[in-house]
Amino acid sequence: MNVSLTILELAVVSLGIAILLVDLWLPEQHRRLLGYTAAAGVGLILVASFLISVPSAEYAFGKMYVMDPLALFFKRFFLLAGAIVLLLSVEFSDRIETGIGEYYTIILFALSGMMFAASANDLILVFVALELITVAFYVLTSFQRNNIKSLEAGVKYLILGALASAFMVYGIALIFGTANSTKFGDILAVAGSVSSNPLFLLGILFVLVGLGFKIAAFPFQMWAPDVYQGSPTPTTALLAVGSKAAGIVLLLRILFSAVPQIASQWTSLLIVISGVTILYGNLCALPQRSLKRLLGYSSIAHAGYLLLGVAAVSMAGSSAILYYLLGYLFTVLAAFTVICIVMREVDNDDISSFEGLHARSPLLAATLSLAMISLAGIPPLAGFFGKFLLLKAVIEQGANEPGYYCLVIVALVGVVISLYYYLGVVRTVYWTNPSPGQASILVSTPVRFMIYACIVGMLYLGLLPNAAVNLAIRAVQVFHL
Amino acid sequence: MSHISTITFLLLWPFLGAIVIALLPRDFRLAIRAVALASTLFSLLLAIKVFLQFDASLLAPQFVQKVLWVEAIGISYHVGVDGLNVGLILMGAIVAFAAACVSSEIETRHKEYYFLLLVMIGGILGAFASLDLFFFYFFHELALIPTFIMIGLWGKGENRIYATYKITIYLSIGALLALIGLIALYLHAGGTTFDMIALTKQLSDSPLAPESQHLIFPLLLFGFGILVSLWPFHTWAPLGYAAAPTATAMLHAGVLKKFGLYGLIRIAIPMMPEAAHSWMHVLAFLCLGNILFCGFVAMRQKDLLLLIGNSSVAHMGFAFLGIASLNLIGITGAILVMIAHGLLAALTFALAGYLYRQTHTLRMDQIKGLLPQIPFVGTVSIMALLAGCGLPGFANFVGEVTVFFGAWKQYPFVTALSVWGALVIGGVYMLRAIRTIFHGPANEGFNKMTDAVNPLTRLPYLLLLGSLLCFGFFPRLLSDKIKPAADAVAKLAAVARESSQPIESTEATVTASSKIASSVPTSKQ
Amino acid sequence: MNGVGLEHYLIVSAALFCIGLFGVVTRRSVLVIYMSLELMLNAANLALVAMSRFNGNLDGQIMVFFTITVAAAEVSVGLALIVALYRKRQSTHVEDLTTMKL
Amino acid sequence: MVLFLPLLAAIGIVVFAQRNRDVSAALSIGAIVAGFLLTILFVAINGWHPITGQVTALWFAVGDLRIEFGVRLDPLSLLMLLVVTGVGGAIHIYSRGYMREDPNAGRFFASLSLFTFSMLGIVLSSGFMQMFIFWELVGVSSYLLIGFWYERPSAADASKKAFLTNRLGDFGFLLGILMVWASLGSLDFQTLESAVHANPDALGALATCAGLLIFCGAVGKSAQFPLHVWLPDAMEGPTPVSALIHAATMVAAGVYMLCRVFFLLNAPALEVIAWIGGFTSLLAAVIAIQQNDIKRILAYSTLSQLGYMVMAVGLHGTTPAMYHLTTHASFKALLFLGAGSVICALHHEQDIWKMGGLKKRMPTTYWTFLLGTLALCGIPPFSGFFSKDEILTQAFHHNPVLFGIAVLVAMLTAFYMFRLIFVAFRGTARSEASAHAHESPGIMTSPLVFLSIPTVFAGFWGIEGLFAGHGEIGMAHSPESLIGHLFSPFSHAPASAFAGIGAAGFGIMAAWRLYQDASADPIPEMIGRLSSVIRNRFYFDEIYGKLIACSHDALAQFSDSVDRWVIGGLLVKGIHGTTDLAGRALRLLQTGNIQTYALLFAIGVAGLLYFMLGNP
Amino acid sequence: MTQEILFYVFSFLTLLSGILVVANPVSRNPVTSAMFLVLTILFMAGLFVLLHAFFLAAVQILVYAGAVIVLFLFVIMLLDLKEEETRRVRKIGAGIGILAVASVFGLMARTIGTIPPTASSGASRPTLEGLTAPLGNALFKQYLLPFEILSILLLVAMVGVILLSKKDLR
């Protein structure tokens, strides 16, 4: 048993426990420090993760846990996201009346869940890791317990999440029953014989339901807008980036490591889900006035784009997903940072409260605009190249199955629709003038630094994607495609 | 790559300028403007240098620079010039400088404006200089975004927001269609490289299967077509240009719009000649929509900007016609039209912008008889409008006539109608504009106009007009440079023609020519 | 146990699962919804145990163990939420939880 | 050299001397006079058949398309060159006086020089494309000149109309050029000519069509029916412009072009050309007799004479056509300048019924005008007689019906011209202005005198020799042949000669009878409604107006509404609206009620299962 | 044979009480639902016993009946929740719900019906005994990692519950 492979997760968990404990003795006025410490700690772990290199897959806990380039990629991804979200939480801390220390801790625990999920090589571990994430998010979502919206979001997320979990458990049961194992390696070994077994397929479908809920894919996307809107902003950010990425990595692992044959049989399903998700998210976002809710819908649409890569069932598609997620990370976090800071001034995320932002804070305005532009998939930002790779991957498959071309068309329609509302945000930010009462917004140094980091990330990925693409390509080599 | 090509410098200047502007404090208005002017001027000088040093006798692209960008999928930063784009780059640089000059009309948010302007210029120049499919598209998109934002922020008129959305959505659809086509092309060609030169060579050696060609070509045709306002996807253009700030309209209508045409010539036709043959008939008839339909629409416009916008759409029809003819003359003509129209559109929009600043309206039922008050601008405007209806001496005439000669053999009927559109319809609306706005008695309320007296103010107009006249008088400056490259394209297209059914086309010619015989007496009225 | 095979257990678990699902879909008290969710998880547990038994593989039972724990954790968080919510709204009705919509 | 002098002058004026009237006038006049002298010098040195027949330079070439710019010197172009520079020079000088008051004279002379340049370009062009280019340039410079007083709505409208009508003709011309190029593969006159000579059927089935299309160009420029409407309106320009453009040079370009490309025209095409020419001349003559504006009378007379020339071309008579063109250029320019002198003297009064008795007050003008009139009417021994006679002879030999028309037109010509003379110059002054008119200054009368020289004598030496190609027939003409020539019309075709003279005489008599002392026009009473029909030019303008309104405007309106409602409205707005609606409708699913979400979740699962497992 | 009868009895009772949890025609009181839930869980424990999962049966009763349901009841009592008010009975919603759930069940049952009957014919007689010792062994050796993760999960849940339900914090 090679426990040392889990060093990163262990570090995060220890950090979480440490924060929890330190919080007990820390005086009120130094709370801010706690957040910075947590962020710095995560950052440190992130840096440390670069000391680890995994030339080939290594296993621990009886092949339940795997450490391979894909896992490492996502661990770093989550660590990065975690560091930024923690910084964001510090910014948000005055709006959480109680237990900010616990907030950081739970974020860290959720983070560790995501990191475990990245390494999951067994359905049981998948389930447990996902539940850790989910339960942590139940708490994070309803953390503003004096805010009815936050509580409501928590309840909604909890009920639907538990529903999805139930399906997932049932699915795991069925898979276990037919393949007689929950380990991916074993499933892959017997998949040839069981892939025609309807019970096995049913199991896979139920597991997909559970994951579909996590990434907010159609038809399990209903929760996203409400929860995005109601949750505290850092939670939303982490939900948008971390939870979605965790769902995606598990989806990829299960589909392409455990049951690749089934994945290639089910392309039509994936195509339909991806297409409908894109359309649904974009169409619903059109008339949206609440920016967080809009981003909720947009996250549905982006789940659809990510599913493009899944639907392609190819190395190119998977690597495109990884790249896309990386771009999405910077973009969404930048957007939520701005929202978080602006909402600190006015407790309202209606788009109208962003009017004249350019005059109140040019940096925030530019950041939000850049984020929107990147989300819309316009060069030179990361979103463009990600979409480019995804579309390329899908078109690549078009020769085998014409349905892919329809999917491409749908994706295009989605992109065009999305332009409308993304640019609507940009318009509000720049076209209008601030109402007289609104003062200019000050941005603290760490946040400024963070924003710069996000912008640099977006630009770097958009302008010099070579390294990231290579990284993604190396990471997806683990799949059996 | 040890050396850095002049072209790279040419692209770099606007971006460098943009960065410098981004770093300057927002109160340094003069410095910001100076940086913008200087960087575009440097680009212009480099473009002139490239143009003069360009050796038409070499078929390979020159001033090449190639840096691997994304190794895994074969994207590289690859720029260079050959006959197809050398003129366009020069034109783009001229228009860019002129656009920077006329930007003095901007009164708010200089910093953002000039930043976006320079990014747009860099993108435009990059799109035309790229020899890599990805960067070709990338730069174009890069230039589009500032366009949208500038229209929205500094645009004029009440419905600029609607116009912004319309232009955004339309152009995005077009660009995305083209993107799909480009990706599909890349993949069908083996998925190893985005390099245009390599792809062209590879595809001429082993052409794509006809099914693939017929799948990809329409994507490119309509994708690029929407970008160039191919009828009936043109409605964004007049509206958008009417709403755009002057420099944006100049750059977009003048240069960026040509991207689609350039793409057709550079990519679609040489790489998929067979499909090109079967689709060019469609294009030929759609271009009639541009020439005649939009010409008629232009006749009805009451606003000068809308008139110019529609006429610019109509002019695109000639370039389409040239491309549709798929022969050396037609393609050369199309490029000439592109260059000429680029200069002309920039000039007209610059002038319209000047007038608008003076009058705050360009409705032709309100402003009348301006010439005596603004002799310089008026005269230049009249010359520009006359150039717009294809007057010899201006570069447009050369391009249009060349297109007609090129297209005549393929589509006599279409060409006849296009000639009608060029000579008669074009004449009607341009003269109408001159007649109402500049001639006739002056209208009350517009008697406080000031003419452009300052030499610096005059510079952009004179520069554009001078280039138009220069290329109009000495078209060989351009045509000799274009010809070898256009010939290569036409040859690739011709190879496919021989392989496809020749009988059908001759039949078509015969029927078409009998049509023309019957149509001439009626069309003479 | 000759006549009773895996499929019987599975049918029972499926039926129970669907009963739970039905409860989630139709009941309007959040508490009862939680209970229905418990039913669903229990149904899954039944399936797991049956699978485990008929496959001769203990892993299924381990999974049940985890499921029970997770269910308990979820329910506790959920109930805490209800308490918090009830303090704000004096209601555990789902129809009162619609401040965010459209 | 001759070609570029005016261009340089034009550029010079635009760049340096726009504000300075004297300099610009001097530049312009200097250029054209120098051109005239150079031409004479050239002819004197090289004769009518220069060794260097054609020099060209490649202007533009792509593939099969070679557009060359060249100078083609042959008798035809040299003659035309003389006409353009000579008559044009006189008009330039005259303009100096006529425009001395105008503040924008600089612009005027720039346009004038540009016009001269373009005209010379047409004359000297060696290929179709070059000719077309200058053809268009002539169009635009005439546009500038007609619309010189652009503040006047009528002038602005007239210039627009002229340009557009010309454009219509150019449309056909360009199509014709394209057609010729497509079948013969060249645009060079020389190459084309040899190709046609080598193989008369080279143009194939399209020969007639191509010929007629090219003729369209001439119809536009030479204002033949049905595109004649612009010419009378063009009289809104300053009078020297009318003289230059609409009498001497521009309108002659069409005829010149027809002569130049005569080899391309086959019999059916010529037939059509002849009839159009004949019809135009008759129509214009009829209209002319009921016009009251002095310049309009002259304009219609020009139309009529152009019809003559075109008819002559159509009857295979390029030589008579060119001959008449030459003589007509000089005497019509003379007449226009005379009219201009009158107008100037009367402070821009153009109605002949408000003149009268000018003979005494403006003797130079009167006598030169009379000379011009006599020439126009074809009274021997003035030049018009000889040229007209040749056309009549041509018609007599080829087409008796057209001959009849021609004679009738000759009679009408004499009638309306002498109506003009009698009403305007004889009798008594009918207005204040005419009573106090003064003779124009020398700078205006000297061109009149200069122009009256060829008016009187041009007929003496004829131009057949030029085209016959034998011997050098220059300025030095032997007196024997001159005398012989003088009477040759009577000797070799007496019928047509006498018919012409007779018709003219009859016309003069009629005019004398009717207008000797008339204070108002007696004709309206005599023919009633017809008069107003004639006076209103057979309502051509109105008909065209309606026609254009019904065709182009309707099409434009149609296109515009399609653009606005169908493409912009139905499609764009429709798609946009549908999308928006779909968004709003889908949004309704998000009721905020968790139960709905769960239900949809369940439905989703059901759907998913059905989709994947429903049909095993 | 006894086992067979017991299976049918327990199954029937499980399902019946399950139905009564969600759709009690008599009472809409959450307490009733909770009580029937206890019954369901008890009967299911019986099924577990039939499947020789003795340890799990015990856990089931202890954790669910002993802890979870008590928690439910505790909350119900704490909040003094009354009967679920019947506002508008959403017949359409319920109808669609029944339809959707029925179709899910139908599809699941059909899929389950496709298992080859060999599993039930007793050809491979199951021998697995769900005793405590092997379970514990597996749990603390092979499944140590998920177990530990679960402990974190419980920690998270604990922290969360305290934060959410505490009346006033500091």
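Here is how names work: the chains are called A, B, and so on, in the same order as the sequence lines, proteins then strands, and each is numbered from 1.
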Best-contacting candidate, [options], against chain E by heavy atom pairs under 4.5 angstrom:
options                    : value
C:V75, C:I62, C:V12, C:V77 : C:I62
C:L46, C:I33, C:N45        : C:L46
C:L79, C:L10, C:L21, C:V83 : C:L79
C:C18, C:A84, C:A50, C:G78 : C:C18

TODO: Return the orientation label for the C:F65 and E:F55 ring planes: parallel under 30°, perpendicular over 60°, tilted otherwise.
DONE: parallel

TODO: Check the angle between the aromatic planes of E:F7 and C:H8 and answer parallel, tilted or perpendicular using the 30° and 60° thresholds.
DONE: perpendicular

Open item on the list: Less than 4.5 Å to any heavy atom of chain E: does that hold for the side chain of C:F17, its backbone, both, or neither?
Closed with: side chain

Heavy-atom cut-off 4.5 Å, strictly under: side chain, backbone, both or neither for [X] against chain C?
X      : result
E:F147 : both
E:L150 : side chain
E:A100 : neither

Using a cut-off of under 4.5 Å on heavy-atom pairs, state which of [options] scores highest against chain C.
options                       : answer
E:L154, E:L37, E:I41, E:L139  : E:L139
E:Y143, E:F36, E:F74          : E:Y143
E:I149, E:V101, E:V156, E:V59 : E:V101
E:L15, E:V63, E:L153, E:T14   : E:L15

How far apart are the closest heavy atoms of [X] and [Y], and which atoms are they?
X     : Y     : answer
E:G18 : C:L16 : CA-CD1, 4.3 Å
E:V21 : C:V32 : O-CG1, 4.1 Å
E:V70 : E:A65 : CG2-O, 3.8 Å

Open item on the list: Return the CG to OG distance between C:L41 and C:S36, rounded to the nearest 0.5 Å.
Closed with: 11.0 Å

Task: Gap separating the CE atom of E:M44 from the OG atom of E:S11, nearest 0.5 angstrom - done: 9.5 Å

Open item on the list: Has C:R87 got a side-chain atom pairing as donor or acceptor with E:S165's backbone, closer than 3.5 angstrom?
Closed with: yes

